[in-house]
Amino acid sequence: MSHLLHANLVCIERLLDVPATLSKPNKRWHLAFVTIYYIDHFKIHQSSLSELVKKKDLDQLENFGGIVGIASAIGTDIDGGIYGGPEDIDRRQQAFGSNTYKKPPTKGFFHFVVEAFKDLTIAILLGCAALSLGFGIKEHGLKEGWYDGGSIFVAVFLIIAVSAISNYRQNRQFDKLSKISNNIQIDVVRSGRRQEVSIFELVVGDVVCLKIGDQVPADGLFIDGHSLQIDESSMTGESDHVEINHKKNPFLVSGTKVADGYGQMLVTSVGMNTTWGEMMSHISRDTNEQTPLQARLNKLTSSIGKVGLAVAFLVLLVLLVRYFTGNTQDESGKKEFNGSKTKADDIVNAVVGIVAAAVTIIVVAIPEGLPLAVTLTLAYSMKRMMKDQAMVRKLPACETMGSATTICTDKTGTLTMNLMKVTKFWLGQESMEQSNPSPVSPYVLELIKQGVALNTTGSVYRESPESKLEFSGSPTEKAILSWAVLELNMNMEQMKQSCTILQVEAFNSQKKRSGVLSMKKMDHTIHVHWKGAAEMILAMCSSYYDASGLMKEMDDRERNTFKQIIQDMAASSLRCIAFAHKQISEDQYEDGKEDKTLKEDCLTLLGLVGIKDPCRPGVKKAVDDCQRAGVNVKMITGDNVFTARAIAIECGILKPGAENISGAVVEGEEFRNYTHEQRMEKVDKICVMARSSPFDKLLMVQCLKQKGHVVAVTGDGTNDAPALKEADIGLSMGIQGTEVAKESSDIVILDDNFASVATVLRWGRCVYNNIQKFIQFQLTVNVAALVINFVAAVSAGEVPLTAVQLLWVNLIMDTLGALALATEQPTQELMEKTPVGRTEPLITNIMWRNLLSQALYQIAILLTLQFKGESIFGVTERVNDTLIFNIFVLCQVFNEFNARKLEEKNVFKGIHKNKLFLGIIGITILLQVLMVEFLKKFADTERLNWGQWGACIGTAALSWPICWVVKCIPVPEKPIFSYLTWRK
């Protein structure tokens, strides 16, 4: 019936496909007919399908004719799936909706503008600008009086615009990443062919293949499968797994996870028609999560802000006292305040100017550019990491990775290529690669074929006899299936049809084996087939078949011979898989039926296969890079100790000869059985852990963290989730990783390659280093500006840098500086330093040395000019103030080069690679020339001649040789503030 329906559907689909040659009016008629046909064809409404799964209504399901009735109503063949042509997909989406969720509206640009206006200092400055504008126009008229207030307005709006644009762009970046991270690939059956499609392309009627670790992508009904257990905690909060079966609970809900077993489901509702869709539409992703570094920087910003506030208050007090005591003079040399003779407008105007100067000092003192720098460098590095095959799911991981001291990595697919191929086959104690398989017993070959065809989650598909075979499943399953089909001439479909599967025990990384109980339809005999890690299966066997088909007892000597065969294959970097079999009686079957277990002892060994999985080409160099960077690389694998050791030597994790060092290679069980003290003592020495379970991985992560390590862990299986969550940085695999593993991780390695893990480490260090560069640059300006303004205000009664000039410096420093330094790319030098770890201070002794030397130079030069500049250059006070402003800005431009390298003396190394840095420096200089030469009224400056410009550039350029000399001064390794703590 179902095959007939599918055949009819396929014919109708092809008849209804719109021919390209039809004219537009004919096309419209054609499509109208198609729409009417299909609306009439789907014999069930979406609301009925939605209610069915949401209420888990078995009676209603029965009324619809069970799963077969539902499949018929939505035009699906349970075995072959939907037709799946573009027209079919489109019509299903029109009738039942698409598998996408409505999201809360994203924040627009105006939202970020409003957020920027909420800053208190900005509000005060706008108030001062408004008062200054009002009094200026009243005093000097509209033509001349708007300059002071208007220029503050322009400067403030410029800062707001830059801040809003960068925050808006960052938000858009996160939205893009969110779309990519949600685009899961789903296994479906369409037109009888198993294929991968995007979760967004899933439609009602699709037949979806589910396995351990998958996310259920839509609401649906259970078609068939074995031992299917679902984790519904994301929906119900209940931690107990729910069993899915035909009789009691065939309902599958989107958003839940497959905890065990495998199966197929029929999709009945997608997108907003599912419970998960309704829930997701009310949840917006929080892009405001604070990283640990941002939290530390906010503390630093707060501390500096308090100092700035104190200085600004003192400046305000001093200037007000000097003004009201008559110690200040206007441009013509008259007293500004002359008791009752002074107009109220003049007093208010003067006070507003003094308040604006004090508030501007606060603006310059508060390094609001620090959070912006973190945001910029994280957003930039996230974008670049996507190109380098790493998708950041959680922001803190970006910077934490830079502090990593240990990486615990999987072997399969991460260190190796995951392109598996059977290269050795042993029957009994005889290798089949040299001899022709023709003398092999047909009975034993038949049993091996049964074991491969029935005990698998993979599949074989061929569209037509001339077409190429397509194998699907895990890389191990695909390797075994292709070997059995191509080398042993196995007919998968024929094998499956000749037997009825009674019970299945699915593979997971804890058991490292899978089993199946089947009945042959021809003679009703019952057989148990096991497949898995060779030494595990060997331990379950008491006999074996030789190549001629004779069953022989397995004594200790024979068992040791098999162990040696397994060891020899493992030493050649082969993964060894064994097949075992047992025919059981009906009584034995009934006994096992009660406790739902398969027979696990007294089995007969059928054969052994060795699967080669070559190392990835760049992995040895990547491991070497990590080790030279002071990061320990540990391999944790489920393979046996010999395979693990061989791969570890090939990848460079174990150096030749080091494998004999006591404790370098351990088995999971051995590590598990240590006492806590033994584990803590030996964990640093361990390089390879073989035959490990996910619990062993978790245990190792916990031990390493207790010893103060910053731990990164790779994982791909559902059972890896606890270790991924426990680690400081969880790295899941984009290709082989299950959805559960990805959800538990911080970063997804899109190509499953260890070289990408090393790239993530490099980028993490780059983020941390860029932040340090910017802190050094910013604090230099903060210290210099505060000291200069304070000393000048107290001694001379005036601030050398006006509000507009200070706001301009703030813009260069906070925004353009952040953009220039936060986008430096990672260098090889970063991978030659030891890891930062958990305890290293953010501002190191090296940074204190660099920033204090530059700040002191700037203070000395500018204060000299403040008090003696007019006589040194023979210029007016206004030109002198312009020189001070120009030198101060140019000092920051030259110091930006110094900040590029914290330790290296050559600050120009690799500068040609950072076009953005050079562009920003160019823009800053151009704008400074405009400020000084053409915006005299706006910036309160005077034009300078060529000689004065030369003096400004020469004075600022002296910061380069000073930087070179200062970097020759050694600094103690112990953080400077630890001495102060110790003295207390």
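Residues: numbered from 1 along the sequence shown. Since the model is a prediction, treat every value here as computed from it, not as a measurement.
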Please say whether more than 12 non-hydrogen atoms of neighbouring residues, nucleotides or ligands are located less than 6.0 Å from NZ in Lys913. no

What distance separates Leu202 CG from Ser98 OG, expressed to the nearest 0.5 Å? 11.0 Å

Residue pair Leu574 / Thr643: nearest heavy atoms and the distance that separates them: O-OG1, 3.0 Å

Look at Asp388 together with Arg762 and state whether they make a salt bridge at an N to O cut-off of under 4.0 Å. no

Let me confirm one number: the CD1-CE distance from Ile686 to Met700, rounded to the nearest 0.5 Å. 4.0 Å

I'd like to know if Lys621 and Asp624 make a salt bridge, using a cut-off of under 4.0 Å between side-chain N and carboxylate O. no

Using distance alone, with no hydrogens and no angle criterion, decide if Asp219 and Ser269 have a side-chain donor and acceptor under 3.5 Å apart. no

Quick check for you: to the nearest 0.5 Å, what is the distance between Leu761 atom CG and Asp625 atom CG? 9.5 Å

Okay, side chain of Asp746, backbone of Ala397: is any donor-acceptor separation there less than 3.5 Å? no

If you count heavy atoms of other groups shown closer than 6.0 angstrom to NZ of Lys612, is the number above 12? yes

Would one find more than 12 heavy atoms of other residues, nucleotides or ligands at under 6.0 Å from atom NZ of Lys211? no

Those residues that, when tested against Asn753, pass side-chain hydrogen bond (donor to acceptor under 3.5 Å, both in side chains) (two or more places apart): none

Arg575 CZ to Asn640 CG distance, which is reported to the nearest 0.5 Å: 10.0 Å

Measuring from Thr637:OG1 to Leu415:CG, what's the distance to the nearest 0.5 Å? 9.0 Å

Show, in sequence, the C-alpha distance, side-chain angles and deciding distance for Thr409 and Thr414, and conclude whether the side chain to side chain donor-acceptor pair (under 3.5 Å) test is met. CA-CA 7 Å; Thr409 177; Thr414 308; 4.7 Å; no

With sequence neighbours left out, the residues meeting ring-ring contact (aromatic ring centres under 6.0 Å, His included) with Phe917 are Phe897

Which residues pass the side-chain hydrogen bond (donor to acceptor under 3.5 Å, both in side chains) test with Asp187, not counting sequence neighbours? Arg194

Lys478 and Glu470 ion-paired at < 4.0 Å: no

Go through it in stages, so that I can follow the logic: the residues are Lys655 and Gln627, the test is side chain to side chain donor-acceptor pair (under 3.5 Å), and I'd like the CA-CA distance, side-chain angles, deciding distance and then a yes or no. CA-CA 12 Å; Lys655 303 298 175 203; Gln627 288 170 339; 3.1 Å; yes

Consider only side-chain N and O atoms of Asp751 and Ser756, and report whether a donor and an acceptor are under 3.5 Å apart. yes

Working to the nearest 0.5 angstrom, can you tell me the gap between Met401 CE and Cys766 SG? 14.0 Å

Intermediate values then yes/no, side chain to side chain contact (heavy atoms under 4.5 Å, CB included), Lys411 and Asp639: CA-CA 9 Å; Lys411 174 188 78 75; Asp639 281 338; 2.4 Å; yes

Run the salt-bridge test on Arg900 and Glu824 with the 4.0 Å N-O cut-off and return the result as yes or no. yes

